[in-house]
Amino acid sequence: MAAGTRERLPGETPQAPRTPGAPEAREPLTRESTSRFVTVGGTRVHYHEAGTGPEVLLCVHGGAPGASGWGNFGSNIAELSRHARVLVVDLPGYGRSDAIELSGGKYRPYADVFAAMLSELGVERASVVGLATGGAVAIAMALHHAERVDRLVLVSSAGGVPLFSAVPSEGQKAIRSYYAGEGPSREKMRAYLRMMMSDPGLVTDELVEERYLESVAGGEERRAGAESAGVPAEPLWQELGRIEVPTLIVWGTENRVQGFDNALFLLRQIPDAQLHLFKRTGLWVPYERASEFTRLVLGFLAEHPAGPAAG
């Protein structure tokens, strides 16, 4: 066999030679083709992986009922993985990841798991992209595992302080009541999604069904991991000034879960931060503004080069 060629597996279709100068063809990335597991300290963590190279992106999803890694970032993984090794995790207690005990706070335990996960995968450092609860987990990683974090992208992030919006917000009330009363339903999920996003046309029957089924998978153990469980959150806002890495803050002005005044607070407190606001956009920026969000993240990473990461 010639050097640099891979032995074809039994049953594998040979690839046609690529025309010089033509873009390299890629197999479509799917939920299943990217699915991986790693065990960290006895906890089985599910994640999606795509792409290669020294740049590593760790994407952490939000904590609302029915959320998962692929659900929150599936629209972005294909383009991001052309430029980096992308790890899209399921928070413990969500998706296919085992649940963990949230002792001592809501965010630090998740941060500890993901820092250990990077070590297990041979990754020295990563840029962390966090949505909502995932943003607070990213902040906790930057505070407590600074040696693992190159840059932060905080999207509709928890962990700050609302300057003028109501507490609890309309969205926070919906999240906390989802499992209460008559329990979860497709109607509740549809109402939440319509409130969470600015454009009601994005709330399709398929999306409602996907999120609803995810929200009831796993029974009570899964429900215990949801935001509605009411685990006290650490006061991360008191320590934002200790974040040393370049930080991109991304928000939608129609975010009814975490108002954009939270973004202004993060911008004021984090030393090396910049803010991008999208009009006519709610909480779920990576979905509502998929192509623009992906370009924004890639531009930020290019403007703030990171050191090489192992793996």
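Only this structure's heavy atoms are used, side chains among them; waters, hydrogens and symmetry mates stay out.
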* Side-chain donor or acceptor of His304 paired with backbone N/O of Phe300 under 3.5 Å -> yes
* Asked: Is there a path from Val161 to Phe164 through hydrophobic residues (I, L, V, M, F, W, Y) whose side chains come within less than 4.5 Å of each other?
  -> yes
* Do Val89 and Leu58 touch side chain to side chain, with heavy atoms closer than 4.5 Å? -> yes
* Given Asp150 and Arg125, is the salt bridge (charged side-chain N to carboxylate O under 4.0 Å, His left out) satisfied, shown in steps? -> CA-CA 6 Å; Asp150 271 327; Arg125 298 174 67 87; 2.7 Å; yes
* Quick one: side chain to side chain donor-acceptor pair (under 3.5 Å) pairs with a partner in residues 151-160, sequence neighbours left out? -> Glu55-Arg151, Ser127-Arg151, Ser156-Asn255
* Distance in Å, Asn72 CG paired with Ser75 OG, rounded so as to fall on 0.5 Å steps -> 9.5 Å
* Exam field: side chain Tyr192 to backbone Ile175, donor-acceptor pair closer than 3.5 Å -> no
* To do: Quick one: closest heavy-atom pair of Asn262 and Pro162, and the distance?
  => OD1-N, 3.3 Å
* **Side-chain heavy-atom pair Asp272, Thr247 within 4.5 angstrom cut-off** => no
* To do: Take atom CD of Glu244 as the centre, draw a 6.0 Å sphere, and report whether it contains more than 12 heavy atoms from other residues, nucleotides or ligands.
  => no
* Criterion side-chain contact (heavy atoms from CB on, under 4.5 Å) on Glu303 and Leu248, from CA distance to verdict -> CA-CA 11 Å; Glu303 292 168 6; Leu248 172 64; over 6 Å; no
* **Separation of Leu275 CG from Leu267 CG (nearest 0.5 Å)** => 5.5 Å
* Asked: For Phe265 and Trp237, what are the C-alpha separation, side-chain angles and deciding distance, and is it a side-chain contact (heavy atoms from CB on, under 4.5 Å)?
  -> CA-CA 9 Å; Phe265 181 85; Trp237 60 272; 3.7 Å; yes
* Using the side-chain contact (heavy atoms from CB on, under 4.5 Å) rule, take Ile100 and Val113 through it: C-alpha gap first, then chi angles, then the decisive distance, then the call. => CA-CA 9 Å; Ile100 61 172; Val113 168; 4.0 Å; yes
* **Glu120: salt bridge (Lys or Arg N to Asp or Glu O under 4.0 Å) partners, not counting sequence neighbours** => none
* Is there a chain of hydrophobic side chains (I, L, V, M, F, W, Y, each step under 4.5 Å between heavy atoms) that links Leu213 to Leu207? -> yes
* **Atom CZ of Arg242: over 12 foreign heavy atoms under 6.0 Å** => yes
* Report, as yes or no, whether the 6.0 Å neighbourhood of atom CD on Glu147 holds more than 12 heavy atoms from other residues, nucleotides or ligands. => yes
* Asked: Taking 4.0 angstrom as the limit, do Arg44 and Asp98 come out as a salt bridge?
  -> no
* **side-chain contact (heavy atoms from CB on, under 4.5 Å) between Tyr212 and Glu210, intermediate numbers included** => CA-CA 6 Å; Tyr212 168 71; Glu210 176 185 324; over 6 Å; no
* Heavy-atom side-chain proximity of Leu277 to Phe260 below 4.5 angstrom -> yes
* Are Pro168 and Arg176 close enough that some pair of their side-chain heavy atoms sits under 4.5 Å apart? -> yes
* Asked: Taking only residues at least two apart or on different chains, which pairs with a member in residues 245-269 satisfy salt bridge (charged side-chain N to carboxylate O under 4.0 Å, His left out)?
  -> Glu170-Arg256
* Asked: Would you say the side-chain atoms of Ser177 pair up with the backbone N or O of Ala174, donor to acceptor, closer than 3.5 Å?
  -> yes
* To do: Assign the ring pair Trp70 / His48 to parallel, tilted or perpendicular, where the plane angle (0 to 90°) is split at 30° and 60°.
  => tilted
* To do: With the side chain counted from C-beta on, respond yes when Val128 and Val153 share a heavy-atom pair under 4.5 Å apart, and no when they do not.
  => no
* Short question: side chain of Asp90, backbone of Arg96 - any donor-acceptor pair under 3.5 Å? -> yes
* Structure fact -> Residue pairs meeting salt bridge (charged side-chain N to carboxylate O under 4.0 Å, His left out), one or both in residues 59-69, sequence neighbours left out, come to none
* Asked: So, does Ser97 use its side chain to make a donor-acceptor pair with the main chain of Gly93 at under 3.5 Å?
  -> no
* Is any side-chain heavy atom of Val203 closer than 4.5 Å to a side-chain heavy atom of Met197? -> yes
* Shortest non-hydrogen contact between Pro109 and Glu234, atoms and distance -> CD-OE2, 4.2 Å
* Flag, side chain of Arg148 to backbone of Glu124, donor-acceptor distance under 3.5 Å -> yes
* **Residue pairs passing the side chain to side chain donor-acceptor pair (under 3.5 Å) test where at least one lies in residues 281-294, sequence neighbours excluded** => Asn76-Thr294, Thr281-Arg289, Arg289-Glu292
* Asked: Going by the salt bridge (charged side-chain N to carboxylate O under 4.0 Å, His left out) test, which pairs reach into residues 183-208, not counting sequence neighbours?
  -> Arg186-Glu209, Arg190-Asp205
* Asked: If you take all heavy atoms of Gly62 and Ala67, which pair is closest and at what distance?
  -> O-CB, 3.3 Å
* Asked: Among Leu57, Thr52, Val123, which one satisfies side chain to side chain contact (heavy atoms under 4.5 Å, CB included) with Arg85?
  -> Val123
* With rounding to the nearest 0.5 Å, note down the distance linking CZ in Phe293 to CG in Leu298. => 9.5 Å
* Which distance, rounded to the nearest 0.5 Å, do you find between the NE2 of His145 and the CZ of Phe114? -> 11.5 Å
* **Leu236 side, atom CG; Arg108 side, atom CZ - distance, nearest 0.5 Å** => 10.5 Å
* Asked: Do the two ring centres, one from His61 and one from Phe73, sit under 6.0 Å apart?
  -> no
* Asked: When you measure from the side chain of Trp251 to the backbone N and O of Leu154, does any donor-acceptor pair fall under 3.5 Å?
  -> no
* For residues Gly171 and Val257, report the shortest heavy-atom separation together with the two atoms involved. => CA-CG2, 3.8 Å
* Can Leu163 be reached from Ile139 by stepping across I, L, V, M, F, W or Y side chains whose heavy atoms are under 4.5 Å apart? -> yes
* Asked: CG of Leu283 to CG of Leu131: how many Å apart, nearest 0.5 Å?
  -> 5.5 Å
* Does a donor on one side chain sit under 3.5 Å from an acceptor on the other, for Arg36 and His46? -> no
* In this structure, are over 12 heavy atoms from other groups packed under 6.0 Å from Gln238 atom CD? -> yes
* Which atom of Ala111 lies closest to which atom of Met141, heavy atoms considered -> CB-CG, 3.5 Å
* Within the distance-only criterion (no hydrogens, no angle test), does the side chain of Thr34 pair as donor or acceptor with the backbone N or O of Thr30 below 3.5 angstrom? -> yes
* Asked: Which atoms form the tightest heavy-atom contact between Ser215 and Pro184, and what is the distance?
  -> OG-CB, 4.4 Å
